[in-house]
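Each remark here refers to the structure printed beneath this line.
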Amino acid sequence: MSQRILSAYRTLSRKPGGKWLFSKLVCWKAPYFSSIAPRIETLEPGRCVATIKHRRAVTNHIGTVHAIALCNLAELTGGLACDVSIPASMRWIPKGMTVGYLKKAVGTMRAVATPAFAPREAAQGYELPFVVVVENPAGETVFRATIAMWVSPKN
């Protein structure tokens with residue numbers, strides 16, 4: 001697992017404003033994610049939870065959270081969950097994503113990413129799906145994604 005990222009999260013999340021600062025640091029490292037202004041709420045091996053607020057910058061023409069903003073949230077949470085879950089000898093990269101838009105996305109969106117099975121060390125690369133469920137403030141699932149992560153040995 002990426003001890004550096006997990007250690008930073010654990011250290012910062014205990015302090016006032018720490019989750020906000022950690023989220024900003026993630027966006028500094030991967031600037032594209034700053035477009036959705038995510039807040040990482042939970043990060044642990046096997047799970048990442050993040051939210052985005054419903055604001056004009058992430059809305060579409062009908063006033064709901066844009067589909068691509070939801071995809072960005074899914075990739076962010078899936079990537080962080082993967083990074084802190086795989087063995088230190090392995091690396092990952094997203095290989096593909098399938099998505100389903102189930103309801104209009106209105107309000108603060110909450111994404112939860114988990115692996116389809118426990119990550120393992122391996123001599124060869126393998127596909128590790130991460131399931132991301134995004135819910136509205138009422139707890140209704142509005143979006144679901146499966147992100148195929150390619151996990152392979154570091155060489």
Side-chain angles (χ1 to χ4, degrees), residues 1-13 18-53 57-60 64-103 105 108-136 139-155:
M1 84 178 79
S2 179
Q3 288 297 325
R4 190 169 156 222
I5 291 173
L6 194 54
S7 176
Y9 174 79
R10 287 176 175 163
T11 299
L12 290 172
S13 67
K19 290 179 182 179
W20 173 86
L21 179 57
F22 179 80
S23 300
K24 291 293 184 186
L25 290 171
V26 167
C27 290
W28 182 77
K29 181 70 174 168
Y32 184 72
F33 291 123
S34 64
S35 67
I36 61 169
R39 173 72 55 94
I40 312 305
E41 301 293 340
T42 304
L43 183 60
E44 59 196 17
R47 187 166 181 259
C48 180
V49 179
T51 60
I52 60 171
K53 290 184 178 177
V58 297
T59 58
N60 57 25
T64 62
V65 177
H66 196 282
I68 298 306
L70 296 172
C71 288
N72 288 337
L73 179 61
E75 187 176 348
L76 172 70
T77 56
L80 284 170
C82 186
D83 202 67
V84 303
S85 299
I86 62 174
S89 63
M90 306 298 281
R91 63 184 174 188
W92 64 275
I93 189 164
K95 184 178 169 185
M97 180 170 28
T98 58
V99 300
Y101 306 101
L102 309 172
K103 290 184 78 117
T108 296
M109 297 291 108
R110 180 180 184 269
V112 179
T114 55
F117 57 87
R120 65 184 189 288
E121 192 164 7
Q124 301 292 320
Y126 64 94
E127 190 172 297
L128 175 58
F130 273 77
V131 176
V132 183
V133 176
V134 178
E135 296 178 341
N136 65 18
E140 301 166 315
T141 301
V142 299
F143 173 91
R144 184 182 308 269
T146 301
I147 305 172
M149 301 295 191
W150 183 251
V151 178
S152 60
K154 291 179 180 176
N155 290 335

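Values below: every heavy atom of this structure, side chains too, minus hydrogens, waters and symmetry copies.
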Pairs touching residues 77-98 that satisfy ring-ring contact (aromatic ring centres under 6.0 Å, His included), sequence neighbours left out =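 Counting only pairs at least two positions apart or across chains, no ring-ring contact (aromatic ring centres under 6.0 Å, His included) contact touches residues 77-98.
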Sort and list the pairs that fulfil ring-ring contact (aromatic ring centres under 6.0 Å, His included) and have at least one residue in residues 108-135, not counting sequence neighbours.
->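 Counting only pairs at least two positions apart or across chains, no ring-ring contact (aromatic ring centres under 6.0 Å, His included) contact touches residues 108-135.
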Nearest-0.5 Å distance that lies between atom [atom1] in [X] and atom [atom2] in [Y]:
X: Ile40; Y: Leu12; atom1: CD1; atom2: CG; result: 12.0 Å
X: Met90; Y: Trp150; atom1: CE; atom2: CH2; result: 9.0 Å
X: Arg10; Y: Gln3; atom1: CZ; atom2: CD; result: 7.0 Å
X: Leu76; Y: Cys71; atom1: CG; atom2: SG; result: 12.5 Å
X: Thr141; Y: Glu135; atom1: OG1; atom2: CD; result: 4.5 Å

I need the minimum non-hydrogen distance between [X] and [Y], along with the two atoms involved.
X: Ser85; Y: Gly46; answer: OG-N, 2.7 Å
X: Tyr32; Y: Ile68; answer: OH-CG2, 4.4 Å
X: Arg120; Y: Pro87; answer: C-CG, 3.7 Å
X: Ser23; Y: Pro38; answer: CB-O, 3.3 Å
X: Ala145; Y: Val99; answer: CB-CG1, 3.8 Å
X: Arg47; Y: Ala81; answer: C-CB, 4.2 Å

List in chain and number order the residues that pass side chain to side chain contact (heavy atoms under 4.5 Å, CB included) with [X], two or more places apart in sequence or in another chain; answer none if no residue qualifies.
X: Ser7; result: Thr11
X: Ile5; result: Ser2, Phe22, Leu43, Leu80, Asp83, Val84
X: Ala111; result: Leu73, Thr77, Val132, Val134
X: Trp20; result: Lys24, Arg39

Are Met109 and Asn136 close enough, and set up right, to give a side-chain contact (heavy atoms from CB on, under 4.5 Å), and what steps lead you there?
-> CA-CA 5 Å; Met109 297 291 108; Asn136 65 18; 3.9 Å; yes
Which side-chain hydrogen bond (donor to acceptor under 3.5 Å, both in side chains) pairs, counting each pair once, include a residue from residues 64-76, with sequence neighbours left out?
-> Asn60-Thr64
With sequence neighbours left out, write down each residue that passes salt bridge (charged side-chain N to carboxylate O under 4.0 Å, His left out) with Glu121, or none if nothing qualifies.
-> none
Can you list every pair that meets salt bridge (charged side-chain N to carboxylate O under 4.0 Å, His left out) and has a residue in residues 144-155, with sequence neighbours left out?
->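 Counting only pairs at least two positions apart or across chains, no salt bridge (charged side-chain N to carboxylate O under 4.0 Å, His left out) contact touches residues 144-155.
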Evaluate whether atom CG of Leu102 has more than 12 neighbouring non-hydrogen atoms of other residues, nucleotides or ligands under 6.0 angstrom away.
->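 Yes.
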Under the side-chain hydrogen bond (donor to acceptor under 3.5 Å, both in side chains) rule, collect the residues that match up with Lys95, sequence neighbours excluded.
->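 With sequence neighbours excluded, Lys95 shows a side-chain hydrogen bond (donor to acceptor under 3.5 Å, both in side chains) to Glu127, given in chain and number order.
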Name all residues meeting the side-chain hydrogen bond (donor to acceptor under 3.5 Å, both in side chains) criterion together with Glu44; count only those two or more places apart in sequence or in a different chain, and write none if there are none.
-> none
